[in-house]
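Chain naming here is simple, since letters A, B, ... match the order of the sequence lines and numbering starts at 1 in each. For the numbers below, each heavy atom of this structure counts, side chains included, while hydrogens, waters and symmetry mates do not.
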Amino acid sequence: MSISKTPRYIPANIEPKWQRKWEADGLYHSDIDPEKKKYYALTMLPYPSGNLHIGHWYAMTPSDARARYLRMNGYNVLFPMGFDAFGLPAENAAIKHNIHPKQWTYDNIAHMREQMRSMGNMFDWRREAISSDPKYYRWTQWFFIQLLKNELAYRQKSLVDWCPKCNTTLAREQVVGEDRHCERCHTPVVKKELEQWFFRITRYADELLDFTDIDWPEPVKVLQTNWIGRSEGASVVFHTEQGDPIEIFTTRPDTLWGATFMVLAPEHPLLKKITSPEQKTQVEAYVAETIRQTDIQREATDKEKTGVFTGGYAINPVNNERIPIWVADYVLMTYGTGAIMAVPAHDQRDFEFARKFGLEVRVVIQPPDMPALDGANMPASVPARGTMVNSGILNGTPADEAFRQAIRFVEEKGFGKGAVNYRLRDWLISRQRYWGAPIPVLYCEKCGVVPVPDEDLPVLLPDDVEWKPTGESPLKLHPTWRFTTCPQCGGKAERETDTMDTFMCSSWYHLRYLSPDEENAPFNQEEYDYWMPVDTYTGGVEHATMHLMYTRFFHKAFRDLGVVKGNEPMLQLRNQGQILGPDGQRMSKSRGNVVDPDKQVQLYGADTVRAFLMFGYRWAEGGPWEPGNITGVQRWLNRVWNIFLDEPQVGNFDEAGAKLLRRKLHQTLKAVTRDYEQFEFNTVVSGLMELSNTLQEARAEGASAAPVWKEATSIYLRMLAPICPHIAEEIWERLGLPYSIHTQRWPQVDEQATQEEEITIVLQVNGKLRDKLMVPVNCSEERIKELALANETVQRFLEGAVPRKVIYVPGKLVNIVR
RNA sequence: GCCGGAGUGGCGGAAUUGGCAGACGCGCACGACUCAAAAUCGUGUUCCUUCGGGAUUGUGGGUUCGAUUCCCACCUUCGGCACCA
């Protein structure tokens, strides 16, 4: 009939406008306010790869929505953003496009910062921290020096993982998969013997296993626990016939009497000495062959056992038996002591080895549910649960009891002691690349390793460098940077030319946000005392055994050095899933399935993209991008716009309608509030959609002229504001409500209004739904049962039988059992 | 092999403490508006059905008056670890 007098909803006309205004007004500035309860909401910072990915939107938007929700609930919320700006891609791009890594990085940051602004997040950009800024890495270097001074950083020559494509060493955590490939470029790694810097994360292994202070997702805790790999057992010292000690670690000291041979790793230092002249040729050939093999070949689990007798013998301290010593590659030098006692009867690996080489298999544990075992004929090793046999003093003891007794025994006799072993290795942080924070130490001919004095920090990364990757740090090739004088003796000194693993930079960025311009300390103490710890941290699970473990280690180490407080840096962690391409595959340029968020914003507007990402998926799960589904959200926001801004309609909306509308309004508010708390964003949106359907129907009946409409509008827009900040602000303003909606308080649920007057009672016969009953809320149990039994459908299904039982669940159902 | 997550309509997903399975949305079908189309609005939409009802939350058991929810076994799938002594 008449064309709407209000303009249509055109996101492009309102979104940039509000973003500029919020920025100009400093609406999202977070400053210390002792009057208010603080909330530190942190979401993982991106690497400045050049473009924001739809995955960044997926991770950041719900975090932003929840931060906004908390702010409306009266918290003083800190929600900062920055860039994890050091790292390899900058160098690779530099080589490819002949552009300086620094320029490439900062150009990307400038672009991505603008992309992030288009999301309409409440980031306080004054607190932006960029890890490649000298004012940032000056403190990364300072942290390194503190670790060094406190023996938590050390330099050691060892066999380390090397990525031949990235031309650098990697931490154990950065080597992944069955084929042991580089986490970044997927090239299989090789071993190299190099002198590298390590952090003593292993010293904190036990504490890292303790999650009592934090609310983290179970899977992350499991991943970290498995990665740390704590095993309890004993370390026992065997001796060779010549008297050389060989220490072994075992998780089954109870099976000591069943050890029929020993195995050394091919790299074991004692191997040469043990080997008899007759066996020398064979052993040397075996070791040479083993070393030629890659780790992948060596560590393949399905591989047949190989090994060679050394000619040497050891004495088992518990029974003085003489047992042969073999060398085999199924024993790893990197775990335990690189030597084992072999108990073939109760360990499948030892069993396979023993059978192949005709070694004795001696049963020392008889499982209760098996016939008497015979070592010579058993087809496989058996689980070590049962009663001890052939074990001297332990005979007749249950195995779990024998475990403790054996430890006591070896301790008393001085053969060994109870011991704990970890799979976790120390964190290798040296990288032979240019674009990273230089490791701030000097090597002086006279003084040795010298930390760079505080007043000389930062050790600046020189700009004029040839960054072609040679396998050595490009800094090594710099003509002048490398050579300097020793601050202690004034003599000739050389700089460390390796840079730090970027995970070192990201281990403390949450602290730099507190005061990114602070010059006298890594962070301002007052800011720290107010904001820390991080209340909620959000990001992907893929960081479980890397960043998330490193940052916990970092915090605990610096707690012990008196720099930070508390046991944990991040109290609550929540993981989002991943958005896959429309084909269900990981998004990648090579697959051509990448969804560009900028284009989506252009097509639908930021609010629609935000709401869709929250509505279409279980946040923790993620899933494939469904190109069509976003239209549902687009339609919804169009409807919302029209519901609140179109001319009122005339109808017969009455008091009863108003009461129903208020009920739905407050019921929704209650549900939505709960869902924001619980990170269930899809039901926040669906709840708002449902309510908008109700509002639309009520409106057609003339509700927008009724007094209740004002309340509904105000509550609805405030519930919408965290998800769709622009449209909520725009409608709010057009309705003449006070700027800004984002500084309004979260609405209060009117519990009374949510109460139903009538309830539906489900009628079941033998547990099957047969009919429904509408009764007043206060209807008595007797009356409801009476009505239920009198019900026509119920009667029909009873077929005249007398009910055996009538179950009444208050307010829910009546189940009649016949 | 071990550890962990997930299996619900054609699709994404919902179901709060063991109590109406399939909310909300996509898609589809039909209708209204339109010369027509788009947009919008309305109605319907798990499957089978003799229209009474029956079946149904990966499969098979169990507990219970009642199970998507709890227990046991298994299958599929996605992650992690893997000769770790």
Side-chain angles (χ1 to χ4, degrees), chain A residues 8 176-178 217-227 229-231 233 248-252 255 263 265 298-303 305 328-332 334-343 347-350 352-353 421-424 541-542 544-545 575 577-578 612 615-618 620-633 635-636 638-639 642 670-671 674-675 678 680 682-683 685-693 696 700 760-772 796-797 803-818:
Chain A
R8 273 165 37 82
V176 294
E178 208 168 336
E218 213 49 43
V220 173
K221 294 195 270 186
V222 169
L223 282 169
Q224 292 199 349
T225 303
N226 291 345
W227 187 262
R230 186 181 199 272
S231 310
I248 60 108
F249 172 75
T250 176
T251 55
R252 299 304 305 245
T255 63
V263 186
R298 265 185 75 174
E299 293 179 14
T301 41
D302 50 0
K303 196 186 86 168
K305 297 278 175 293
D329 65 1
Y330 82 90
V331 174
L332 310 175
T334 48
Y335 183 80
T337 60
I340 63 157
M341 65 167 191
V343 185
D347 181 290
Q348 187 57 23
R349 295 156 300 176
D350 296 344
E352 283 165 25
F353 194 83
N421 218 326
Y422 302 91
R423 212 184 73 97
L424 181 71
V541 240
E542 64 273 17
T545 56
N575 298 122
Q578 243 180 21
F612 171 62
F615 173 65
Y617 306 86
R618 280 185 278 207
E621 302 289 322
W625 177 263
E626 306 277 346
N629 285 1
I630 195 168
T631 59
V633 175
R635 286 175 193 157
W636 166 57
N638 263 311
R639 272 202 302 274
N642 296 332
K670 196 173 173 180
R674 187 196 61 224
D675 293 344
Q678 299 177 354
E680 281 161 14
N682 52 349
T683 47
V685 179
S686 72
L688 289 174
M689 282 177 168
E690 231 179 303
L691 180 56
S692 69
N693 292 341
Q696 184 162 288
T760 313
I761 299 289
V762 169
L763 301 184
Q764 294 183 339
V765 177
N766 284 352
K768 286 197 173 170
L769 174 73
R770 293 307 175 191
D771 207 348
K772 288 170 190 179
R796 185 150 52 81
F797 280 92
R804 284 202 297 137
K805 212 170 173 186
V806 178
I807 294 150
Y808 173 65
V809 182
K812 293 254 162 79
L813 59 77
V814 179
N815 187 15
I816 297 153
V817 188
R818 55 171 282 201

How would you label the contact of A:L223 with the nucleic acid (heavy atoms, under 4.0 Å): base, sugar-phosphate, or nothing? sugar-phosphate

Given A:V222, which partner from the list A:N226, A:V220, A:T225 fulfils the side chain to side chain contact (heavy atoms under 4.5 Å, CB included) test? A:N226

Applying side-chain contact (heavy atoms from CB on, under 4.5 Å), can you list everything that pairs with A:R423, at least two apart in sequence or on another chain? A:R172, A:W227

For A:N766 and for A:G632, find the nucleotide of RNA chain B with the closest heavy atom, then tell me which residue's nucleotide is more 5'. A:G632

Could you tell me if the side chain of A:V343 sits less than 4.5 Å from the side chain of A:R252, heavy atoms only? no

Just call it for A:T631: base, sugar-phosphate, or nothing, with non-hydrogen atoms closer than 4.0 Å on any strand. sugar-phosphate

side-chain contact (heavy atoms from CB on, under 4.5 Å) with A:R230: which residues, sequence neighbours excluded? A:D206, A:L209, A:E232, A:V420, A:Y422

In terms of the nearest nucleotide of RNA chain B, which residue is placed more toward the 5' end: A:V176 or A:I340? A:V176

Could you tell me the separation between the CG atom of A:N815 and the P atom of B:rC20, rounded to a whole number of Å? 12 Å

Would the base of B:rC20 count as contacting A:K772 through its side chain, where contact means a donor and an acceptor less than 3.5 Å apart? yes

Can you build the contact string for nucleotides 41-55 of chain B? Use B for base contact, S for sugar-phosphate-only contact, and - for no protein heavy atom under 4.0 Å. SS---------SSSS

Which residues pass the side-chain contact (heavy atoms from CB on, under 4.5 Å) test with A:D347, sequence neighbours left out? A:R349, A:D350

Taking any heavy-atom pair under 4.0 Å as a contact, classify A:G229: base, sugar-phosphate, or nothing. nothing

Identify all pairs in which a protein N or O lies below 3.5 Å from an N or O of nucleotides 69-71 of chain B, and state each distance.
none

Please check the phosphate of B:rA85 (OP1 and OP2 only) for any side-chain N or O of A:Y335 closer than 4.0 Å. yes

The criterion is salt bridge (charged side-chain N to carboxylate O under 4.0 Å, His left out); which residues satisfy it with A:E680, sequence neighbours excluded? none

Annotated structure of RNA chain B as dot-bracket, pair cut-off 3.5 Å, Watson-Crick or G-U only, | for inter-strand, is (((((((..(((......[....)))((((((.......))))))(((....)))..(((((..]....))))))))))))....

Can you list everything that forms a ring-ring contact (aromatic ring centres under 6.0 Å, His included) with A:W625? Sequence neighbours excluded, please. A:F612

Interatomic distance where CE belongs to A:M689 and P belongs to B:rC24 [whole Å]: 11 Å

Roughly how many Å apart are B:rU59 and B:rU69, using the P atom of each and rounding to a whole number? 11 Å

Non-neighbouring partners of A:V762 that pass side-chain contact (heavy atoms from CB on, under 4.5 Å), sequence neighbours left out: A:Q764, A:L769, A:L813

Per-nucleotide protein contact string for nucleotides 1-7 of chain B, where B marks a base within reach and S marks sugar-phosphate only (heavy atoms under 4.0 Å, - for neither): --SSSSS

Collect all protein-nucleotide pairs involving nucleotides 9-11 of chain B in which both atoms are nitrogen or oxygen and the distance is under 3.5 Å.
none

Looking at the base of B:rC20, is there any donor atom on it, or on the side chain of A:K812, that sits under 3.5 Å from an acceptor on the other one? no

Sorted by chain and number, sequence neighbours left out, ring-ring contact (aromatic ring centres under 6.0 Å, His included) with A:F249 holds for none

Under 4.0 Å between a side-chain N or O of A:R8 and OP1 or OP2 of B:rA39? no

